[in-house]
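Report on the following structure.
Chain naming here is simple, since letters A, B, ... match the order of the sequence lines and numbering starts at 1 in each.
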Protein chains: 2
Amino acid sequence: MSRIEKPADSEPARSPSRAGKPTLKTIAEMTGLAITTVSRALGNAPQISENTRRRVHEVAAEIGYLPDRAAQRLKTGRTNVISVLLDPHEEILGFGTSIMHGLARALQTTPYHLIVTPNFLDGSNVDAVNYIIRNGMADGLIFSRTEPFDPRVRLLLENGFPFVTHGRTEFSTPHAFVDYDNYAFAYEATRRLIVKGRRKVTIILPPKRLTFHQHMLHGFMTAVREAGIAYEIPDTLDLDSPADMIRDYVRRRSGEPDPPDGFACPGEVSALATITGMSDQGFTLGTEYDIVAKQTSLLLSQIQPKVETIYEDLKAAGEAMGQLLLQRIAGEPVEDLTILQSPQFGFPTP
Amino acid sequence: MSRIEKPADSEPARSPSRAGKPTLKTIAEMTGLAITTVSRALGNAPQISENTRRRVHEVAAEIGYLPDRAAQRLKTGRTNVISVLLDPHEEILGFGTSIMHGLARALQTTPYHLIVTPNFLDGSNVDAVNYIIRNGMADGLIFSRTEPFDPRVRLLLENGFPFVTHGRTEFSTPHAFVDYDNYAFAYEATRRLIVKGRRKVTIILPPKRLTFHQHMLHGFMTAVREAGIAYEIPDTLDLDSPADMIRDYVRRRSGEPDPPDGFACPGEVSALATITGMSDQGFTLGTEYDIVAKQTSLLLSQIQPKVETIYEDLKAAGEAMGQLLLQRIAGEPVEDLTILQSPQFGFPTP
DNA sequence: CGCTGCACGGAAAACGTTTTAAATTCTGTG
DNA sequence: CACAGAATTTAAAACGTTTTCCGTGCAGCG
């Protein structure tokens, strides 16, 4: 055959278009400096004269040099990667995506990339954490839905691995977290129902094993006791229950004697399900009963303005978590790396 | 001071617990083989005897060896990374997360990791694509919401970079894609409304610049023409409009003369907004008007069973995209790498 | 002039892997 | 028993960085 025989065509097709990627060597040759010097100049090391430093930066910018992440990682042991553990329950309503957008914003000007590690196992995702620690897959970890003695947190603490949780724990060793003040939410939501003149209030709580179950319960009970109002708490149901289960529960309960007429819903789905359940029984929102819901997107209030909402800014939470994690990785003391978002902390930033 | 002076403590604190991480060298020393041989044995190269291959695998498993991704990447130029471009519009209702879970499932047994590149710029995210191509940040790309002559697709095609889109384009050069048959959806949804005896149908279309706008429109119009039924198409509104805008539009329109009584809603949010808008005017779903909606989570039918829904399985789409991308990277001909999910393609897999 | 000290820059090793090219062992055969 | 050829195994280079350690050249000083 008369085709050109390029012997090096056995070269196993590296990433496409990786051909003439500029490296330190390229810059070194162009400037006549040594690779070492170029590396130093770009790293703004002190022993490089202002002059050559400037020249190197110019050339680098000109040819569009970007350091090879693999080489940096291999050499330094730092991955420049932040990993987000995604929980199956975060699928709905863009919980994960909101947080990730916030995170991404916080990491935007840094060398860090965001890699997502979804959890398949139904239990906790401690295996994923272990994998990441053991194999140095990331420099830091972000996850949510903490339990009081969360095994992931324990593992990370034991290994001194940087992480920030969304949610608190009850370990005596402190760690970085961002949390929403769910006590305040539940208290305030219940207060508002009471102020509206509701007779009997109820709340759909998160699963018992999660830390913020207690916070919510406490806020709710405090408001209830202060007002001396009637209340009930469904115990066959939680925030993770499927929407139809919540809807059916609400429908059935509101057909029985002495049903609640004030609902604190710590999630948009549960609020929507409650509305449907109640309207199935002919009750109308705003006159015969009220809902105060937690809202994490603009969805609920846009769709049904009669639901009163209290906002939780997940994007801000994500951004805060990113910042805390960077500080944590930089070695700042953990004690200062805790944030409690109050319900009025942030409002929709479209 | 009497503290132990470990001279090598200047070692700049590599990733924690990266201390005794086993490498090829470790295995080589344990087995008495050369590093090369170990590498080959683990790679199941043909020229290694069955005997040593087994022995090496045993030792590797025993000490929990995992290859160093940075070193592999540096050497081979392959990143073992798949990047997902996340669009801001995918924030709501876990669109992104569903697809990512599907993707993650497809990549589960492969060495590939999933890294998400959110788009901040408001326009298209062609910059991100360019960055990824130029700097070899990934071996393949996944994104959605394609336009007929999507600049991202053009760029990727020009560079021969592997990718799979969610949605089709109109380039003459073929490329891998997974798409939902939105023509079929719109046709079927409209048919159902007609069969229910609706007088006048309408549909909320996706933004005009997206490819599937045409598909939807075509399906809708075909059904309308076949039946010779009255119809209208709002032109100040699209699927990306905020929910309150949709709600207000529906409310206003249903107060004017000759309003539509059959709604095809290609999204859950628009369906919910429509319900609210109509019920504000006192119309009740299922008797005075009907909705057929596209559903991508279990949410809508669980909350409001009176809405008729047609399911789009985004998780399956994500999984399919992952598989196609792997095949594409492996060099299979692009012509075979296209999938059109029919509406009945997959049903909720909880 | 011979030193010391400093400012600046460079050579070389190393990170863990893959790959090329070559060396070694093994097998059967004449 | 020697040897070709196959079957295994190996040494060494390379990927692009960072870092340790060292070499210049030059100013100042006695």
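Note that CG of A:L86 is 11.0 Å distant from CZ of A:R145, once rounded to the nearest 0.5 Å. A distance of 10.0 Å separates OG in A:S39 from CD1 in A:I27, rounded to the nearest 0.5 Å. The CD1 atom of B:I132 sits 11.5 Å away from atom CG of B:D139, with the distance rounded to the nearest 0.5 Å.
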Distance-only donor-acceptor hits, side chain of residues 110-117 of chain B, under 3.5 Å, sequence neighbours excluded:
| from | atom 1 | to | atom 2 | distance (Å) |
| --- | --- | --- | --- | --- |
| B:T110 | OG1 | B:L107 | O | 2.8 |
| B:T110 | OG1 | B:Y112 | N | 3.1 |
| B:T117 | OG1 | B:S83 | OG | 2.9 |

Side chains of residues 318-325 of chain B: which donor-acceptor partners sit under 3.5 Å, not counting sequence neighbours?
| from | atom 1 | to | atom 2 | distance (Å) |
| --- | --- | --- | --- | --- |
| B:E319 | OE1 | B:R105 | NH1 | 3.1 |

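Regarding A:K75, its NZ atom lies at a distance of 15 Å from the P atom of C:dT17, rounded to whole Å. The separation between B:K21 atom NZ and C:dG16 atom P is 8 Å, rounded to whole Å. Rounded to a whole Å, the CG atom of B:D68 is 14 Å from the C1' atom of D:dG16. C:dG16 atom P lies 16 Å from atom CG of B:L42, rounded to whole Å. Rounded to an integer number of Å, the gap from B:N135 CG to D:dG16 P is 13 Å. Across the protein-nucleic acid pair, A:L74 atom CG and D:dG16 atom P stand 12 Å apart, rounded to whole Å. Separating the CG atom of A:N44 from the P atom of D:dT18 is a distance of 12 Å, rounded to the nearest angstrom. To the nearest angstrom, C1' of D:dA11 lies 15 Å from NZ of B:K25.
Among residues two or more places apart in sequence or in another chain, the ring-ring contact (aromatic ring centres under 6.0 Å, His included) test is passed with A:Y131 by none.
Side-chain contact of A:N125 with A:R152: a donor-acceptor pair under 3.5 Å is present, judged by distance alone.
In terms of modelled atom types and a separation under 3.5 Å, the side chain of B:R69 and the main chain of B:N80 share a donor-acceptor contact. At distances below 3.5 Å, not a single donor-acceptor pair connects side-chain atoms of A:R73 with backbone N or O atoms of A:V81. Checked by atom type and distance alone, the side chain of B:N130 never pairs as donor or acceptor with a backbone atom of B:D127 at under 3.5 Å.
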Between A:F163 and A:L157, is a side chain to side chain contact (heavy atoms under 4.5 Å, CB included) present by the stated rule, with each step listed? CA-CA 9 Å; A:F163 68 100; A:L157 284 175; 4.1 Å; yes
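Nucleic acid contact class of B:T23 (heavy atoms, under 4.0 Å, all strands): sugar-phosphate only.
Axis deviation across the helix from C:dC1-D:dG30 to C:dG30-D:dC1 amounts to 80°, comparing end segments of five pairs, rounded to 10 degrees.
In this model, the phosphate group of C:dG16 is not approached by any side-chain N or O of B:Q72 to a distance below 4.0 Å at OP1 or OP2. An OP1 or OP2 oxygen of D:dT18 is reached within less than 4.0 angstrom by no side-chain nitrogen or oxygen of A:T76.
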Atom pairs under 3.5 Å, N or O on each side, protein against nucleotides 6-12 of chain C: can you list them with distances?
| from | atom 1 | to | atom 2 | distance (Å) |
| --- | --- | --- | --- | --- |
| C:dG9 | OP2 | A:S49 | N | 3.1 |
| C:dG9 | OP2 | A:T52 | OG1 | 3.2 |
| C:dG10 | OP2 | A:A34 | N | 2.9 |
| C:dG10 | OP2 | A:T37 | OG1 | 2.3 |
| C:dG10 | O6 | A:R40 | NH1 | 2.9 |
| C:dG10 | O6 | A:R40 | NH2 | 2.9 |
| C:dA11 | N7 | A:T36 | OG1 | 3.2 |
| C:dA11 | N6 | A:T36 | OG1 | 3.1 |
| C:dA12 | N6 | A:T36 | OG1 | 3.2 |

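Using a 4.0 Å cut-off on heavy atoms, none of the residues of residues 57-65 of chain A approach DNA chain C.
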